[in-house]
Amino acid sequence: MYDDMNKSSEENMTGNYYDTGSSYIHYDSSEAMNEKPPKKKKKGGFGRTVAKCLVLALVFGSVSGAAFTGVNYAGNQVLGISGSSVASLSKSNASVASTTTASTASGAYDVSDIVENCMSSVVSITNVSTQEFRTIFGNYEQQSQSSGSGIIIGENDTELLIVTNNHVVSGANELSVYFNSDGEDADESNVISAKIKGTDADKDLAVIAVQLSDIPEETMNQIKIATIGDSTNLEVGEPVVAIGNAYGYGLSVTSGIISALNREVTVESDGQTITNKLIQTDAAINPGNSGGALLNSKGELIGINSVKFVSEDVEGMGYAIPISDVESIIGDLMNKQTRDRVEDDQKGYLGVSNCVDVTDEVSESYNMPKGVYVRTVLEGLGADQAGLQEGDIITELDGTTITGYDQLRDLLSYYSAGETIEVKVQRLEGSEYTEKTLEVTLSTASEASSQSQSQQSK
């Protein structure tokens, strides 16, 4: 059974993202445009040409850079509780438009008031990561720069908090936020380093933080916290406005209507398959719009743009995460501890190996919980001492849902050896799985390496 499960998992992880069947893909920007990009482009990627096949795509632009040695592949990266400072989503904002827009004499819908009041709540995000490529000559790593969008949703005593999509920040070695984006005339001082505060891969959500002390006073006076609307009261045909960093050129605006509600959409992201019920809109959603705002006629945030249909035969099918469905999740992410990656020699290890992803497909086929199936527990290390057993499925680490081994490894790169963290596992007892909560003290790299070699030699 587990050999079959392992095969299914590996095929899921390495499958072709450009399959023209029912799979869904990222599409990036390595071939997007021939013209010289604006000066701001060095801080962000730009979108790729639309694939000429029927696919759903995460609207996320990226460009490849110089060869670079670094981490392999990343997933969620967050955690803890942030001191005594607690952030919450804004439910009212006097600066946000409170009246509906009006039609012009020609019948076109005027959204200029919404844009004027809400543009400063949306930011551009640049992700510098490392991608691993497999060729007939072997594997190599290359630095990649990609662009997305974010929405300012709150602040605490020391940080400005921004919500975006998990796939916008996934795998980041460096993150930067660009405030008041305005193309070639952009002020370099508004490009500020950011850190991941919390992520939820299943909902494709992330919250990142920028230190308030790093933001120029002039910028602070111009930006606004978005007002949260109620997506449960939306009606098909209702007008909406989308704002985001389309193609990495800076913030731009599109408008349309709500085309449908509660559309079940399945997307493959970071080797994992996620399914959510989303808002469908005909407002243009382009690469780089991921994580941007979908606003109602009052200028209230009612969705987070995430996905679109791409095809020669399909037009105007974009999707957004309904804000009311994820308010509590965003609130939890906002209050996690902001962490930095630790040095390799200080990184903590659970003490497990030969792990296998339990994907949606495997979960359904074998009636197993989603997560990471542990085939080997290294003797005497943190996981073993905490009582983790072979056959356990790791489902959560320090409050973050675990969906794959790559994500788990990347998450641990934010924890030092010697730290004690809470790990939740599902354990098969009889014919049913039972959740267990373990307190694992992380081991050092040398301990993990030594024990792994020792067990392999037996």
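Nothing fancy with the numbering, it's 1 onward along the sequence. Note that the structure is a prediction, hence the values are computed from the model and not measured.
For Glu435, there are no salt bridge (charged side-chain N to carboxylate O under 4.0 Å, His left out) partners at least two apart in sequence or on another chain. Residues forming a side-chain hydrogen bond (donor to acceptor under 3.5 Å, both in side chains) with Thr420 (at least two apart in sequence, or on another chain): Thr441. Legend: residues meeting side-chain hydrogen bond (donor to acceptor under 3.5 Å, both in side chains) with Glu439, ordered by chain and number and at least two apart, are absent. Partners of Tyr405 under the side-chain contact (heavy atoms from CB on, under 4.5 Å) rule, at least two apart in sequence or in another chain, are Cys355, Asp357, Val372, Leu408, Arg409. By the side-chain contact (heavy atoms from CB on, under 4.5 Å) test, Thr164 is found to be paired with Ile125, Val168, Val169, Ala206, residues two or more places apart in sequence or in another chain being considered. Residues passing the salt bridge (charged side-chain N to carboxylate O under 4.0 Å, His left out) test with Asp360 are Lys370, sequence neighbours excluded. When the side-chain contact (heavy atoms from CB on, under 4.5 Å) test is applied to Thr437, the partners found at least two apart in sequence or on another chain are Glu422, Lys424. For the salt bridge (charged side-chain N to carboxylate O under 4.0 Å, His left out) test, residues two or more places apart in sequence or in another chain that qualify with Glu419 are Arg339. Not a single side-chain contact (heavy atoms from CB on, under 4.5 Å) links Ser328 to another residue, sequence neighbours left out. Applying the side-chain hydrogen bond (donor to acceptor under 3.5 Å, both in side chains) criterion to Thr219, with sequence neighbours excluded, gives Asn190. Residues satisfying the side-chain hydrogen bond (donor to acceptor under 3.5 Å, both in side chains) test with Ser231, not counting sequence neighbours, are Ser324.
Each of Val342, Leu397, Leu350 was checked for a side chain to side chain contact (heavy atoms under 4.5 Å, CB included) with Tyr415, and the lone residue meeting it is Leu397.
Residues Ile243 and Ile114 have side chains not in contact (no heavy-atom distance under 4.5 Å, counting atoms from C-beta outward).
Using modelled atom types, no side-chain atom of Thr254 and backbone atom of Ala283 make a donor-acceptor pair closer than 3.5 Å. A donor-acceptor contact shorter than 3.5 Å is absent between the side chain of Asp325 and the backbone of Ile321.
Checked by atom type, the side-chain pair Asp204/Ser306 shows a donor-acceptor distance below 3.5 Å.
The environment of CG in Asn367 is sparse: at most 12 heavy-atom neighbours from other residues, nucleotides or ligands sit within 6.0 Å.
Ion pairing of Asp410 with Arg341 is present here, as a side-chain N (NZ or NE/NH1/NH2) and a carboxylate O approach within less than 4.0 Å.
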